[in-house]
Student: 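Encoded as structure tokens, here's the structure I'll be asking about.
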Amino acid sequence: MTPEQVSLVQQSFSKVAPIADTAAVLFYDRLFEVAPQVKGMFPADMTDQRKKLMATLAVVVNGLSNLESILPAASALATRHVAYGARPEHYPVVGATLLWTLEKGLGEAWTPDIAEAWTAAYGLLSGYMISQAYGRRDAAE
């Protein structure tokens, strides 16, 4: 990621943070719509899960300026996701859902440059998480 992309991700996330609860609801509603098979991996009451999602995103977004600082947490998260039943092919679906949620949350502030920056950030982190959890880089394998 370029420094400009990091900045775009951080600036755009600061606009989503005030609507974190709404964004988390949008995210999970969309995820369960496009990938209903993953719903069983989540609790019936999603309140805490939604909070965890937004808190994790905040840590990751804030840590993009110093990527090495968030890699241990990303590795641990990847390992936990394996225990929940997550598979490499879930990562692209989650990424597309995240981008969709951000686009909805940002509205007219969602630009091609912001989309590209978020795509780069998600690709970088998800690739790392997949390699940590499954020993490979490519989610499509």
Side-chain angles (χ1 to χ4, degrees), residues 1-17 19-141:
M1 289 187 70
T2 67
E4 293 79 17
Q5 287 176 320
V6 169
S7 180
L8 283 172
V9 167
Q10 291 172 337
Q11 290 170 12
S12 60
F13 188 72
S14 73
K15 295 174 186 169
V16 173
I19 60 159
D21 292 339
T22 301
V25 169
L26 281 171
F27 175 85
Y28 284 110
D29 285 354
R30 178 68 172 180
L31 180 64
F32 298 153
E33 177 185 322
V34 299
Q37 69 277 14
V38 304
K39 191 168 186 175
M41 295 180 200
F42 294 91
D45 181 351
M46 291 291 292
T47 305
D48 287 341
Q49 183 64 37
R50 289 190 293 263
K51 289 177 184 172
K52 287 177 188 176
L53 169 69
M54 297 312 291
T56 300
L57 279 173
V59 168
V60 169
V61 166
N62 291 329
L64 286 176
S65 300
N66 180 11
L67 197 57
E68 291 74 27
S69 70
I70 60 172
L71 292 181
S75 179
L77 182 61
T79 302
R80 286 195 307 275
H81 277 118
V82 171
Y84 302 145
R87 297 187 311 266
E89 58 268 23
H90 293 139
Y91 282 80
V93 175
V94 168
T97 301
L98 176 62
L99 294 176
W100 179 90
T101 302
L102 292 164
E103 180 177 5
K104 296 297 178 203
L106 289 170
E108 291 182 8
W110 182 254
T111 66
D113 287 344
I114 290 173
E116 187 177 321
W118 273 97
T119 299
Y122 186 79
L124 181 69
L125 264 295
S126 66
Y128 177 78
M129 290 175 68
I130 291 167
S131 71
Q132 292 296 294
Y134 307 99
R136 62 181 192 228
R137 177 101 176 111
D138 187 351
E141 289 183 328

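Here, residue 1 is the first one in the sequence, and each next residue gets the next number.
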Student: Over all heavy atoms of both residues, which pair between Val9 and Ala121 is shortest? Give the atoms and the distance, please.
Tutor: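 Heavy atoms only, the tightest pair is CG2-CB, 4.2 Å.
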Student: Determine whether more than 12 heavy atoms belonging to other residues, nucleotides or ligands lie under 6.0 Å from atom CD of Gln49.
Tutor: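 Yes, enclosed.
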Student: Under 3.5 Å, is there a donor-acceptor pair between the side chain of Thr97 and the main chain of Val93?
Tutor: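 Such a contact is found between Thr97 side chain and Val93 backbone.
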Student: Could you label the plane-to-plane angle of the Phe32 and Tyr28 rings as parallel, tilted or perpendicular, counting under 30° as parallel and over 60° as perpendicular?
Tutor: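 The arrangement is tilted - the two ring planes meet at 30° to 60°.
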Student: Would you name the heavy atoms of Leu99 and Ala115 that are closest together and state the gap between them?
Tutor: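 Of all heavy-atom pairs spanning Leu99 and Ala115, the closest is CD2-O, 4.3 Å.
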Student: For the atom pair CZ (Phe42) and OH (Tyr84), what is the distance rounded to the nearest 0.5 Å?
Tutor: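 OH of Tyr84 is found 9.5 Å from CZ of Phe42.
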Student: Going by the angle between their ring planes, with limits at 30° and 60°, are His81 and Tyr91 parallel, tilted or perpendicular?
Tutor: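 It falls in the perpendicular class, over 60°.
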Student: Roughly how far, to the nearest 0.5 Å, is the CG atom of Leu77 from the OH atom of Tyr128?
Tutor: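 Tyr128 atom OH to Leu77 atom CG measures 11.5 Å (nearest 0.5 Å).
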Student: One pair to check against side chain to side chain contact (heavy atoms under 4.5 Å, CB included): Leu124 and Leu67. What are the steps and the verdict?
Tutor: CA-CA 10 Å; Leu124 181 69; Leu67 197 57; 3.4 Å; yes
Student: Indicate the atoms forming the closest heavy-atom contact of Met1 with Ala117, along with that distance.
Tutor: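 Heavy atoms of Met1 and Ala117 come nearest at CE-O, 3.7 Å.
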Student: Ignoring hydrogens and angles, tell me if any N or O in the side chain of Gln10 forms a donor-acceptor pair with the backbone of Val61 under 3.5 Å.
Tutor: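 Between the backbone of Val61 and the side chain of Gln10 there is a qualifying donor-acceptor contact (under 3.5 Å).
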Student: How long is the straight-line distance from CD1 of Ile70 back to CG of Leu125, given to the nearest 0.5 Å?
Tutor: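 One finds 5.0 Å between CG of Leu125 and CD1 of Ile70.
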Student: How far does NE2 of His90 sit from OG of Ser126, to the nearest 0.5 angstrom?
Tutor: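 One gets 14.0 Å once the value is rounded to the nearest 0.5 Å.
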Student: CG/Leu57 to CG/Leu98 distance, rounded to the nearest 0.5 angstrom?
Tutor: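 Answer rounded to 0.5 Å: 6.0 Å.
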Student: Any chance you could measure Leu64, atom CG, to Leu8, atom CG, to the nearest 0.5 Å?
Tutor: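 Answer for the CG-CG pair, Leu64 versus Leu8, is 11.5 Å.
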Student: Heavy atoms, side chains only, cut-off 4.5 Å: are Leu106 and Glu103 in contact?
Tutor: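 With C-beta onward as the side chain, the pair stays apart.
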Student: Give me each pair satisfying salt bridge (Lys or Arg N to Asp or Glu O under 4.0 Å) with a member in residues 25-48, each pair once, sequence neighbours excluded.
Tutor: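 Non-adjacent pairs meeting salt bridge (Lys or Arg N to Asp or Glu O under 4.0 Å): Arg30-Glu33.
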Student: Hey, mind stepping through Met54 and Phe13 against side chain to side chain contact (heavy atoms under 4.5 Å, CB included) and telling me if it holds?
Tutor: CA-CA 10 Å; Met54 297 312 291; Phe13 188 72; 4.0 Å; yes
Student: Can you tell me if Thr56 uses its side chain to pair, donor with acceptor, with the backbone of Lys52 under 3.5 Å?
Tutor: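 Judged by distance alone, yes, a pair lies under 3.5 Å.
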Student: Can you see which heavy atom on Val82 is nearest to which on Ala133, and at what distance?
Tutor: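 Val82 and Ala133 have their closest heavy atoms at CG2-CB, 3.5 Å.
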Student: Test: salt bridge (Lys or Arg N to Asp or Glu O under 4.0 Å). Region: residues 64-87. Which pairs qualify, not counting sequence neighbours?
Tutor: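 For residues 64-87, and leaving out neighbouring residues, the salt bridge (Lys or Arg N to Asp or Glu O under 4.0 Å) pairs sorted by first residue read Arg87-Glu89.
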Student: Looking only at non-hydrogen atoms, find the nearest pair between Ile130 and Pro88 and report the distance.
Tutor: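 Looking at all heavy atoms of both residues, the shortest contact is CD1-O, 4.2 Å.
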Student: What's the shortest heavy-atom distance between Gly85 and Met41, and which atoms?
Tutor: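 That closest heavy-atom pairing would be O-CE, 3.3 Å.
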Student: Pair Phe27, Val94 - check side chain to side chain contact (heavy atoms under 4.5 Å, CB included), show working.
Tutor: CA-CA 9 Å; Phe27 175 85; Val94 168; 3.9 Å; yes
